[in-house]
Peer 1: 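Could you have a look at this structure, given as structure tokens, before my questions?
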Amino acid sequence: MPSLPELAHRTLFRTLSLLPPKGQGLVLRRYFDWWHRSPDPWKLSTDGYEQHKYRSTLEQLPPRPYRRIIEVGCAEGVFTQALAAAYPEAEITGVDVSERALERARARVPDDGGRVRFIQADILTHRAEHRFDLVFCSETLYYLGRHERLQRASAQLSGLLAPDGVLVAVHPWPEATRLHGYLDAHGSLARLTEQVYQTPPRPFAITIYGAKPA
Ligand SMILES: C[S@@+](CC[C@H](N)C(=O)[O-])C[C@H]1O[C@@H](n2cnc3c(N)ncnc32)[C@H](O)[C@@H]1O
């Protein structure tokens, strides 16, 4: 049963998603720039629960020589930094709707000769230049609101995936059943694994997809 603050949170973002996608993106950008008015508002760099989630996510990844990685909703780059360390040969792109969060991400994670970059974009409208063999989306889908926007986000995420790529979604459990259900329903994705962690205070699921053969 979701808590009252969580219900209010989801209702707020569902209401925002009644706007056309461009308008929704503008409001999200303003909201998250405001939310990031002081550094690390979710304490992602210091909280033991968040660190455990990041470690568990890295452990769940199918072992492959990933070359191109994208993290959608990267905030201030805490997990992006872990990715850059775990895959020192990979090109890594962090995307977030908040430019203020990205300024801190750029300060946190050195660009390493252009290997790591951060782009301000809304996942609902972003057109990527190329496809990626590892796509992450963690703790972000519940901001996108209603049914149609989650379908659109799933199409956008699957559109980022290279033919033999892997997509990883991480969200609170049991809400992940609904959020990741949109990825399950997308015709081009095949679910590979799901691992549920009953970690207090907020259980979460890590769900991994591959691209279905055309
Ligand atoms: C809770 S943080 C998650 C950070 C990181 N993924 C993690 O799990 O530690 C959610 C981030 O999603 C970003 N975000 C929300 N809606 C977005 C959208 N439509 N497009 C891109 N980023 C978005 C917010 O700006 C915020 O930085």
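FYI, side chains are in, hydrogens and waters are out, and symmetry mates aren't considered; it's all heavy atoms of this structure. Everything numeric here is computed off the predicted structure, so don't read it as measured data. Along the sequence shown, the residues carry numbers beginning at 1. Counting starts at 1 for both ligands and their atoms, in listed order.
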Peer 1: I'd like the contact residues of ligand 1, where contact means a heavy atom below 4.0 Å.
Peer 2: L28, F32, H36, W42, L44, Y54, E71, G73, A75, D96, V97, A121, D122, I123, S138, E139, T140, Y143, L144

Peer 1: What is the ring orientation for Y197 with F204, classed by angle as parallel under 30°, tilted 30 to 60°, or perpendicular over 60°?
Peer 2: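 The arrangement is parallel - the two ring planes meet at less than 30°.
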
Peer 1: Do H126 and Q156 have side-chain N/O donor and acceptor atoms under 3.5 Å apart?
Peer 2: no

Peer 1: Taking atom types as modelled and ignoring hydrogens, do the side chains of S154 and H186 form a donor-acceptor contact shorter than 3.5 angstrom?
Peer 2: no

Peer 1: May I ask you to decide whether D33 forms a salt bridge with R100, counting only side-chain N to carboxylate O separations under 4.0 Å?
Peer 2: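 Here D33 does not pair with R100 in a salt bridge, since their nearest N and O are not under 4.0 Å apart.
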
Peer 1: Salt-bridged, R104 to E99, with N to O below 4.0 Å?
Peer 2: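 A salt bridge is absent here (no side-chain N lies under 4.0 Å from a carboxylate O).
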
Peer 1: Are side-chain N/O atoms of S138 and H171 paired as donor and acceptor at under 3.5 Å?
Peer 2: no

